[in-house]
Every structure is written in structure tokens, then in C-alpha cells.
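Letters go in sequence order (proteins before strands), and every chain restarts at 1. As the structure is a prediction and not an experimental result, all values here were calculated from the model.
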Amino acid sequence: MENQGFKNKVKRIYYGLTLFFGLLLILSGGLVYKMVDPSFLTFPNEVETETYVDVVGFDNIENGIHLETGFKDDEGLQTVIVNCTSCHSAKLVTQNRANKEGWISIIRWMQETQNLWDLGTNEVVIVNYLAKNYGIEEKGRRDNLENVEWYDLKN
Amino acid sequence: MKRRKFIRNTFLGTAASLIGADIVFSSSMPKNYTPIGLKDPDPYTLFNKDKDMTVLNDKPWNIEAKAHLLDDKITPNKYMFIRNNGNIPQNIDVAHWKLIIDGESVSTPKTYTLQALKSKFKNHTYQLTLECGGNGRSEFNPPAKGNQWTVGAVSCAVWTGVRLKDVLEDVGIKDDAVYIGYHAADTHLSGDPEKEPISRGVPIEKALQEETLLAFKMNGRDIPLAHGYPLRLVAGGWPASASGKWIHRISVRDKVHDGTKMKAPAYRVPCKPVAPGEKVKDADMCIIESMPVKSLITYPRSGAMISQGEKLHIRGHAWAGELEVQAMAYSIDFGATWHTCRIEKPINRLAWQHFNASIAFPKKGYYEVWARATDVDGVSQPMLVPGWNPKGYLNNACHRIAVKVK
């Protein structure tokens, strides 16, 4: 008896899972199709409501720079995009420079005060990426004036 | 609109399936998070800013001027820096906007409508200097975290409003009042409605100064949304973060206000000087009050080339927090010799002052014109970046421009 009940349960779970994965397959097929042909399943009166956002271009890299965010292309890029661009833009990240310890302390500060979630095993990936690509550059107490655009001044 | 939603909703899914990236902790990510904000509208038209302004951050908006953009005696909106800690409030209902004055040190809290504020109290107008505490942060070594402001997070507009002093007197404050803290309508970046992006304030002495305003006009018009419409505090000469935007509540406290960004390390510097990069305990960090003496050469733009024999006419502004600027000098030999600039008196207390000079160069070549202001206490701007501090505040090092004589 008990055995039979267990078998039934397993069967139900099995059917459930099949149905779930089946639906998932259909859905993802639809999604892929939608990406290939954005007009798929779009109602005519909707067409002009919004310009298409760059999801297609969201993975474009040019000269080692991820165009959508401005992040440098390197190992860990996607993990950083996913975890570090929802509250503020990537610009707040790429403006800053710190070593590993510094980046960890920025992350801790956001976790303690700004609702940043536990990054789990992704933390190492993120910190390595940041410290390598946005590490500290040694500089003096005052830089040379850089990028001066020269022009003739008419008095 | 639907499409946007479609993209938003499927972003995590598509991101994961396309890249194959493993979003391990996506489950602990709150539901409504969308990695990579959808393209926001152009900030220049959104906020009526000049195209030459520099966008440091587009979420939240942080935008600064360049030195030569600040040439006007009164800063127009298009050249005024924007510093936000959170999201700008949406759908402001002016008709129902209220200001509540409460806190331990008021006997009975009192509420004013905007209209009541404007009509009940005498209106005052002052030109007031507002500079971000972190202006110049980009020069610190080792680097300090936060928006990397260069020189352009300063403005001096004309503000019209009522004196906070008059309002506090009308409410009646107790003898034990030590601080006021503001509360505003902006929202936290994480979307958490319980969190305030920023809630700072000033000691009661500063709150009671004649120039400390609850302002509703900037340069004669409604304050632009990004600058605090419909009501903001203006406490000139102090870190601009003390001048809260979108104010709907002011608490009169019997202790130092303890709102967001009042606690260390925000807007604090080490009480005692420290070595570059040194760790400083929170307890050893002191709140920044008046901003230090500083100046900017706003004309010409760096990079000017002139012919030998021609004079270079420079001009700009100088300010000194709570104090007045007493003298202004320039050097074309990296500080070996200094020459006096003409400097005007401020139009009112806490407004910046204008200087100018005509410079003759001894021979052809590359020069830097350095400007240095001195306040009434005899304190001057340093030529080097001043004392390092963990958050990179108060960089008042001399401003300079590059010049070539051909």
C-alpha cells in the first residue's frame, strides 16, 4: 500500500516535471524566436509605442569595453554586470579605484547600509575582476595637466 | 510599453541563457531588480543642462561643470552641478506638499503648506555658494571612494525663500535644541521604502543664521526638480549635502542628528591629521562644518594660446565657507612668485567673490596660471592636495590652467 502511494507520488512529480519542462521549452523557443524576430507576438497597435531597447546589443564589446555599461571586458564581467548595475549605474563603479581589500570594504559597506545582497561565491570573482581592472594607479600629490585642448585665444 | 516590460522580465533569463553565466545568487536578489538600467532619457534635455557638463553617474544622476562653464557671476541652472544619493522624487504634488517641523526639541510639532510658508513669513533672497564636500575627490592618493568630482561641483545661484529661523521661532523650539535634521522625498536606490538616501542637517547655530533658507526659488524661478523642487534647505558655505532637497520634514533634535549620511565616514574627516591611506576609526571622524577657502579660474578655458606681447586677462570666483576671501593671487612660475588679483566684496555673506587680473608673460613657452585665495583668517589654499582623508573631502588645492605663449 505504502509502496503504491509512493509510486503514485513519484508519477505525479514526473508528470508535473515533464509538463513544466515542456512548457519551459515552448516558452524559451518563443523567446528565442522573439529575439530573432522582435515582431513575433506583438500586437499591431503596440508597434510604435517604444523604441527597441538594446537587448540585442547588450553583449557588444568594442576595444575591450562592454558598450552598454562601459565595463572592461575580462573574466567576471557578466557576474559584475548582474550584481553591480541594478541600484546604480556602472559609472559609479568604473569611476572608482581600489585594491582587493578596498573593493571588499566597499562591498561590505553596501551590504551593511545599502541593502546589497550576499554575493556568495561570486564575491571572489567580482573582487578579482574589480581589483585587476579598476585597481590603484600610483600617482603623486598633484598630476600634470592632461588632455589640454589647445586653442587660439582672441583678446 | 509592453515591450519594455517584456525585456525587463526576461532579462535575467536571457542574460543567463545567452551568456551561460551562472547567476548563483540570483535567488537572493530581490524580484524587481533589473541588472543594467534601461536607457534613460538624455540628461541634458531632462535637466536643461549644457552639453559640456560631465555626467559622472547616470543612476543616480551626478553631473558636474567644468571650470570655464562657471564663468557667470550667478550660476545659471544649465551649469549647476547635480549631486544625488538616491532617486529624484516623481509626481510632486505641490498643492498638497507639506512641511512638518517636529523633533525632541519642539514643544508641539507644526505643519505648514507651501502656500502658508510663502505667505506667512517674510521672503528673503541671497546669493549662496553651494559646494559638494567631495568636490576635488578625484585627486586624492590613494583614491577615495565615491563620485570622482574634479572641480565642477560648486555653484552660486540666487535663492529665494523664508528664513528657517523665522519658521523655527513660529513653531517654538526648546533650549535643549542642538541640531536640525531634514527628511526628504527622494527614494533609496535599492527601492526599499524604509530607507532614506540622505538625511543630514546642521547645528542649531547654523540653522538660525539669517542666510539659512527654506527656499522655493532659484534664480527667480521655481527650483528645478533636480535641485529640490518644491522646497529645499540652503545652508551656504557648508557641504552642499547639508542643504537638503525636496524637504518635507525638519526635526529639531536635542542631539546631533543621526540620519543617513550623518554617521562616519560620510561627510566626516579625521579629527586629527592622518597619513595617506591610514585606517581611521569611526569614533575619530569629525563632521565637516564650514567648507575651506577655494577659488576657480573660470576664464579663459585651460589651453589658451596667445601671442608674445599679448596680455592674458583672467577671471574667476573665490569663496571661503563661512568666511570672506580677503586676498587673491596668481602665479605663472609654480608658486615661486605670486601677484595680486583684484577681488570684489561678496554681494552678501556666503556668496562667492569675483577676481580678475591681467598677466604679462616674460617669454614664449608653456605656462600654468595658478590661482590662490586667502580668507580673512589668513588661511590660503595649498598648492598640493591637502590632508588625505578616507572619503576624499575638502580638496581645496589651487586651481590652474595651461597657457601657451607663441
Side-chain angles (χ1 to χ4, degrees), chain A residues 28 31-32 34-35 38 42-43 46 49-55 58-59 68-69 77-79 81-92 95-99 102 105-106 109 113-122 136-143 145 148-153 155, chain B residues 1-4 6-7 10-15 17-19 21 23-26 28-30 33-39 55-60 62 139 141-143 145-148 188-190 192 195 300-306 310-313 368 383-385 397 400-402 404:
Chain A
S28 50
L31 289 187
V32 169
K34 173 101 185 168
M35 280 187 322
T42 305
F43 302 102
E46 212 187 290
T49 51
E50 191 80 38
T51 38
Y52 202 73
V53 193
D54 275 280
V55 166
F58 87 101
D59 219 11
E68 183 74 26
T69 58
L77 170 66
Q78 296 303 341
T79 316
I81 294 176
V82 167
N83 288 284
C84 304
T85 59
S86 51
C87 295
H88 45 70
S89 93
K91 281 195 161 79
L92 188 55
Q95 283 183 63
N96 279 280
R97 297 287 177 274
N99 55 18
S105 88
I106 292 172
W109 170 77
T113 62
Q114 310 294 336
N115 288 0
L116 174 62
W117 46 82
D118 179 4
L119 297 167
T121 50
N122 282 336
I136 294 179
E137 301 142 14
E138 268 315 314
K139 58 176 181 183
R141 196 100 198 182
R142 214 74 216 263
D143 285 345
L145 291 174
V148 177
E149 290 168 32
W150 296 102
Y151 64 99
D152 286 313
L153 178 68
N155 265 328
Chain B
M1 220 47 226
K2 284 240 174 71
R3 252 190 216 173
R4 257 192 181 208
F6 172 84
I7 292 157
T10 57
F11 187 88
L12 273 182
T14 19
S17 60
L18 282 185
I19 320 150
I23 310 174
V24 181
F25 279 79
S26 61
S28 64
M29 214 186 273
Y33 275 84
T34 314
I36 306 186
L38 293 164
K39 279 248 156 51
V55 175
L56 296 180
N57 192 355
D58 46 15
K59 192 191 169 194
N62 282 278
E139 286 196 290
N141 174 33
K145 64 179 180 139
N147 284 295
Q148 300 297 304
H188 195 263
L189 295 175
S190 69
D192 183 345
K195 284 183 104 66
R301 171 163 64 81
S302 185
M305 293 190 290
I306 57 168
E310 264 181 338
K311 280 200 160 183
L312 181 74
H313 305 288
E368 287 178 16
M383 290 184 71
L384 295 177
V385 176
R400 64 225 153 108
I401 57 168
K404 258 184 205 169

Report the C-alpha distance between B:Lys59 and A:Leu92 in whole Å, list the side-chain angles of each, state the deciding distance to 0.1 Å, and finish with yes or no for side-chain contact (heavy atoms from CB on, under 4.5 Å). CA-CA 8 Å; B:Lys59 192 191 169 194; A:Leu92 188 55; over 6 Å; no
Considering non-hydrogen atoms only, spot the tightest contact between B:Gly303 and A:Val148 and give its length. CA-CG1, 3.4 Å
Can you check whether A:Tyr151 reaches B:Met305 side chain to side chain, under 4.5 Å on heavy atoms? no
Has A:Gln95 got a side-chain atom pairing as donor or acceptor with B:Leu56's backbone, closer than 3.5 angstrom? yes
Counting heavy-atom pairs under 4.5 Å with chain A, which one of B:Leu384, B:Asn62, B:Ile401 comes out on top? B:Leu384
Backbone of B:Asn147 reached by a side-chain donor or acceptor of A:Lys91 within 3.5 Å: no
A side-chain contact here means heavy atoms from C-beta on lying under 4.5 Å apart; do A:Asn96 and B:Pro143 qualify? no
Do A:Leu153 and B:Leu312 have side-chain heavy atoms sitting under 4.5 Å apart? yes
Return the minimal non-hydrogen interatomic distance between B:Arg400 and A:Asp143, and the atom names on each side. NH2-O, 2.9 Å
Report yes if some heavy atom in the side chain of B:Arg301 is under 4.5 Å from a heavy atom in the side chain of A:Glu149; otherwise report no. yes
Please report the shortest heavy-atom distance between A:Arg142 and B:Met383, naming the atom on each side. NH1-O, 2.8 Å
Ignoring hydrogens and angles, tell me if any N or O in the side chain of A:Arg141 forms a donor-acceptor pair with the backbone of B:Val385 under 3.5 Å. yes
Contact check, side chains of B:Lys145 and A:Arg97, non-hydrogen atoms, under 4.5 Å: no
Do you know which two heavy atoms are closest between B:Asn57 and A:Ser89, and how far apart they sit? OD1-OG, 3.0 Å
Between B:Ser190 and A:Gln114, is there a side-chain heavy-atom distance shorter than 4.5 Å? no
